Student: 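Okay, here's the structure, questions in a sec.
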Amino acid sequence: MAKQPKFFGRALLLCILGVVFMFIFSGLQSDQINIIQAFVTAEGGGWTPVQTQLPMTVGNFVCIILTFVYGSLFIKFGVKKPLIAVLIVTAIGVVGIALANGLDCNGGAASGNYGLYSVSMFIVRCGCMILQMAGFQLVANWFIRYRGQIMGIVTMGSPLFSVIGTSVMMNFIAKRLNGDYRPFYIGIAIIIIIICIIIAVGIKDTPEEAGLYPDGSQTPPKSESNEEVHLSVGQVLKQKKAWQLIISFGAFQFIIAACMGSMAVRYMSLGGLDVWLNATKYLAIGAILGIPMSYVFGLLDDKFGSVKASIILGLTELIPVLALLLQPMGGSSALMLLWGFGVACMTGGVPTLHPCITSFAYGRKEYQSANRIIMAIQLIPYSFAAMMMTILIQSGKANVAYIILIVVIIIGLAATASMLKMKDANASDRMYGDKGGNEK
């Protein structure tokens, strides 16, 4: 990699920004609800978990449409311009969450503005998604041979947030800020604006725009034609491989949203805030392990192909689900540790392999025209995963909720296994392409 002198510097900046993208995206997309629901509670005179979750759930459904919109904007205008515009709006929404207040430590709902909270949370949920899409698109544009490993580096930002955001920040807010999370949100807004400036100055949409080729190669990719193909909605939906992707990673993404978006409610139902704060210690362990697991799954992708790596991922998703299902009242340290390891595999593997397997099926040139449609459909079940789990857990049906998740994993594994004979669209430029270009 990086045989061209200019490539290394640009690739390094892309990797650093990609980690930051995934760090912020992971926090604002779903993990932040665990912070909010810990410090805004009905018992403390604040809004209920369903109320705090509702604008995010509505935003999840709107993101189904926005996925297609963002993808189409990338195709028409490139990555940079839509990314910067949406991030500025997102930063305003983040500030709105802080201004909405409603925290238990400040008097609960009486001190808050639920309308402002709802609108701000909705804006943030809709806006933050572009960080993930942009990061994945840039990696797909700049890397072919090493796309798994680079994607694994970029997606380290997701478990990194679970360490610093959900775990460290949870305890810092509780013990040092007396339950006031507003400085955390103001800080995130400032970081987003700084990121916009860096993107405007230092990022190119493709290596070709900088006079380079993917992976720092001296020659253009052997597996690509000169013209980029823009697949229509109808063309994608008629393809078998599109539905295989929709079902497989639609299932795997559903699991991560369901588990991560309801874990605070699950643990608090087993003994209150003390049990949840104890669980965050094991979440921190899992999140730390999730950082190298991101790279491990990326390396597996480069060495053996996206399908085999994704089957391994699907099997590991059973671990956190079973650990949450079997948790007793008061919590079990052994099961929390097992849950933490499962979280490591899930938060490290799903974000890494999701774009990899789409690139595997469609190649660099067709990636976004297919991804904007496939990802939009995948978001339909994803959108109500956390709300479904929250409602079932609060109504005393946690066992039913986690059994549903096990069934979803089995469906995802079956769909993934059906792709074992599929050839990588960029096989001749991939690491295992030297051995014939197929997954064997």
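Everything numeric in this text was worked out from a predicted model, so none of it was measured. Numbers here are sequence positions counted from 1.
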Student: Quick check against the 3.5 Å criterion: does Gln235 have a side-chain atom that pairs as donor or acceptor with the backbone of Ser232?
Tutor: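 Side chain of Gln235 to backbone of Ser232: a pair is present.
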Student: Tell me the closest heavy-atom pair linking Ser294 and Thr347, and the distance in Å.
Tutor: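 Answer, listing the atom of Ser294 first, then Thr347: OG-O, 4.4 Å.
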Student: Restricting to non-hydrogen atoms, name the atom on Met129 and the atom on Leu379 that form the minimum distance, rounded to 0.1 Å.
Tutor: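 That would be SD-CD1, 3.9 Å.
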Student: What's the separation between atom CZ in Phe254 and atom OG in Ser383, rounded to the nearest 0.5 Å?
Tutor: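 OG of Ser383 is found 10.0 Å from CZ of Phe254.
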Student: Can you confirm whether Ile65 is buried at CD1, in the sense that more than 12 heavy atoms of other residues, nucleotides or ligands lie under 6.0 Å from that atom?
Tutor: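 Result for CD1/Ile65: open.
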Student: Quick check against the 3.5 Å criterion: does Gln149 have a side-chain atom that pairs as donor or acceptor with the backbone of Tyr146?
Tutor: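 Here the side-chain-to-backbone pair does not exist.
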Student: Under the 3.5 angstrom rule, does the side chain of Ser217 hit a backbone N or O of Pro214 as a donor-acceptor pair?
Tutor: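 No; judged by distance alone, with no hydrogens or angles, the pair does not exist.
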Student: Looking at Tyr382, is its backbone amide N or carbonyl O close enough to the side chain of Asn60 to form a donor-acceptor pair, meaning the two atoms are under 3.5 Å apart?
Tutor: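 Answer holds: no.
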Student: Run the side-chain donor-acceptor check on residues 200-208: report pairs under 3.5 Å with partners two or more places apart or on a different chain.
Tutor:
unit_1, atom_1, unit_2, atom_2, d
Asp205, OD1, Val79, N, 3.2
Asp205, OD1, Lys80, N, 3.3
Asp205, OD2, Val79, N, 3.1
Thr206, OG1, Glu209, N, 3.3
Glu208, OE1, Arg364, NH1, 3.4
Glu208, OE2, Arg364, NH2, 2.7

Student: Return the orientation label for the Phe7 and Trp142 ring planes: parallel under 30°, perpendicular over 60°, tilted otherwise.
Tutor: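 The arrangement is tilted - the two ring planes meet at 30° to 60°.
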Student: Would you call Arg430-Asp302 a salt bridge at under 4.0 Å N-O?
Tutor: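 Salt bridge present between Arg430 and Asp302.
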Student: Quick check for you: to the nearest 0.5 Å, what is the distance between Leu28 atom CG and Met121 atom CE?
Tutor: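 Answer rounded to 0.5 Å: 8.5 Å.
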Student: Please test Cys128 against Ile24 for side chain to side chain contact (heavy atoms under 4.5 Å, CB included), starting from the C-alpha separation and ending with a verdict.
Tutor: CA-CA 8 Å; Cys128 73; Ile24 297 175; 5.8 Å; no
Student: Please examine the side chains of Phe21 and Val154, heavy atoms only from C-beta on, and report whether any two atoms are closer than 4.5 Å.
Tutor: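 Not touching, per the 4.5 Å side-chain cut-off.
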Student: Check whether any side-chain heavy atom of Thr316 sits under 4.5 Å from a side-chain heavy atom of Met346, and report yes or no.
Tutor: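 In short, these two side chains do not touch, never coming nearer than 4.5 Å.
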Student: Give the C-alpha distance, both sets of side-chain angles, the deciding distance and a yes or no for side chain to side chain contact (heavy atoms under 4.5 Å, CB included) between Leu324 and Trp339.
Tutor: CA-CA 7 Å; Leu324 288 169; Trp339 166 69; 3.7 Å; yes
Student: Side chains of Pro355 and Tyr367: does their closest heavy-atom pair fall under 4.5 Å?
Tutor: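 The answer is yes, as the side chains (C-beta and beyond) meet within the 4.5 Å cut-off.
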Student: Extract all donor-acceptor atom pairs below 3.5 Å that involve side chains of residues 131-140 and protein atoms in other chains or at least two apart in sequence.
Tutor:
unit_1, atom_1, unit_2, atom_2, d
Gln137, OE1, Gln368, NE2, 2.6
Gln137, NE2, Asn141, OD1, 2.7

Student: With heavy-atom distances below 4.5 Å as the criterion, would you say the side chains of Ser118 and Leu54 are in contact?
Tutor: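 They are not in contact (no side-chain heavy atoms under 4.5 Å apart), so the answer is no.
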Student: Any pair with a residue in residues 240-250 that passes side-chain hydrogen bond (donor to acceptor under 3.5 Å, both in side chains), sequence neighbours left out, goes on the list, sorted by first then second residue, please.
Tutor: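 Residue pairs passing side-chain hydrogen bond (donor to acceptor under 3.5 Å, both in side chains), neighbours aside: Gln244-Ser418.
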Student: Ile393 versus Tyr267: any side-chain heavy-atom pair under 4.5 Å?
Tutor: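 Side chain of Ile393 against side chain of Tyr267, heavy atoms only: no contact under 4.5 Å found.
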Student: Rounded at 0.5 Å granularity, tell me how far CZ in Phe172 sits from CG in Leu177.
Tutor: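 Here the rounded value is 4.5 Å.
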Student: On a heavy-atom basis, which atom in Phe360 and which in Met422 lie closest, and how many Å separate them?
Tutor: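 Phe360 and Met422 have their closest heavy atoms at CZ-O, 3.3 Å.
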Student: Is there a side-chain contact between Val350 and Glu317 in this structure, where contact means two heavy atoms from C-beta onward sitting under 4.5 Å apart?
Tutor: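 SC-SC contact between Val350 and Glu317 confirmed.
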Student: In Å, rounded to the nearest 0.5 Å, how long is the span from CD1 of Ile188 to CD1 of Ile193?
Tutor: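 One finds 12.5 Å between CD1 of Ile188 and CD1 of Ile193.
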Student: Considering residues at least two apart in sequence or located in another chain, which fulfil the ring-ring contact (aromatic ring centres under 6.0 Å, His included) criterion with Phe23?
Tutor: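 For Phe23, the residues satisfying ring-ring contact (aromatic ring centres under 6.0 Å, His included) (neighbours in sequence not counted) are Phe161.
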Student: Show your working on side chain to side chain contact (heavy atoms under 4.5 Å, CB included) between Leu322 and Leu338 and close with a plain yes or no.
Tutor: CA-CA 9 Å; Leu322 289 171; Leu338 187 65; 5.9 Å; no
Student: Can you measure from CD1 (Ile246) to CE (Met375) and round to the nearest 0.5 angstrom?
Tutor: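 CE of Met375 is found 12.5 Å from CD1 of Ile246.
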Student: Restricting to non-hydrogen atoms, name the atom on Gln53 and the atom on Ala386 that form the minimum distance, rounded to 0.1 Å.
Tutor: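 Distance-wise, the nearest heavy atoms are NE2-CB, 3.8 Å.
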Student: Side chain to side chain contact (heavy atoms under 4.5 Å, CB included) for Phe297 and Ile312? Distances and angles first, verdict last.
Tutor: CA-CA 9 Å; Phe297 277 108; Ile312 295 171; 4.1 Å; yes
Student: Of the non-hydrogen atoms in Tyr402 and Met389, which two are nearest, and what is the gap between them?
Tutor: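 Result for this residue pair: CE2-CE, 3.4 Å.
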Student: Does Leu245 reach the side chain of Tyr362, with side-chain heavy atoms less than 4.5 Å apart?
Tutor: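 Touching, per the 4.5 Å side-chain cut-off.
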Student: I'd like to check the ring-ring contact (aromatic ring centres under 6.0 Å, His included) partners of Tyr181; sequence neighbours left out, ordered by chain and number.
Tutor: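 Per chain and number, Tyr181 pairs via ring-ring contact (aromatic ring centres under 6.0 Å, His included) with Tyr185.
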Student: Between the main-chain N or O of Val265 and the side-chain N or O of Ser262, is there a donor-acceptor pair closer than 3.5 Å?
Tutor: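 Answer holds: no.
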Student: Walk me through whether Arg145 and Asp215 qualify under salt bridge (Lys or Arg N to Asp or Glu O under 4.0 Å).
Tutor: CA-CA 7 Å; Arg145 182 176 179 83; Asp215 303 303; over 6 Å; no
Student: Heavy-atom distance under 4.5 Å between the side chains of Thr358 and Phe249, does that happen here?
Tutor: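 The answer is no; the side chains never approach within 4.5 Å.
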Student: Taking all heavy atoms of Ala109 and all of Trp47, pick out the closest pair and write down the distance.
Tutor: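 Heavy atoms only, the tightest pair is CB-NE1, 3.7 Å.
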Student: Any chance you could measure Leu237, atom CG, to Ile374, atom CD1, to the nearest 0.5 Å?
Tutor: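 With rounding to 0.5 Å, CG (Leu237) is 9.0 Å from CD1 (Ile374).
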Student: For Met56, run the side chain to side chain contact (heavy atoms under 4.5 Å, CB included) check against Gln29, Arg125, Met387 and tell me which one passes.
Tutor: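 Among Gln29, Arg125, Met387, the one that satisfies the side chain to side chain contact (heavy atoms under 4.5 Å, CB included) with Met56 is Arg125.
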Student: What pairs of donor and acceptor atoms, side-chain ones from residues 91-101 against any protein atom, are under 3.5 angstrom apart with sequence neighbours left out?
Tutor:
unit_1, atom_1, unit_2, atom_2, d
Asn101, OD1, Leu103, N, 3.3
Asn101, OD1, Asn106, ND2, 3.0

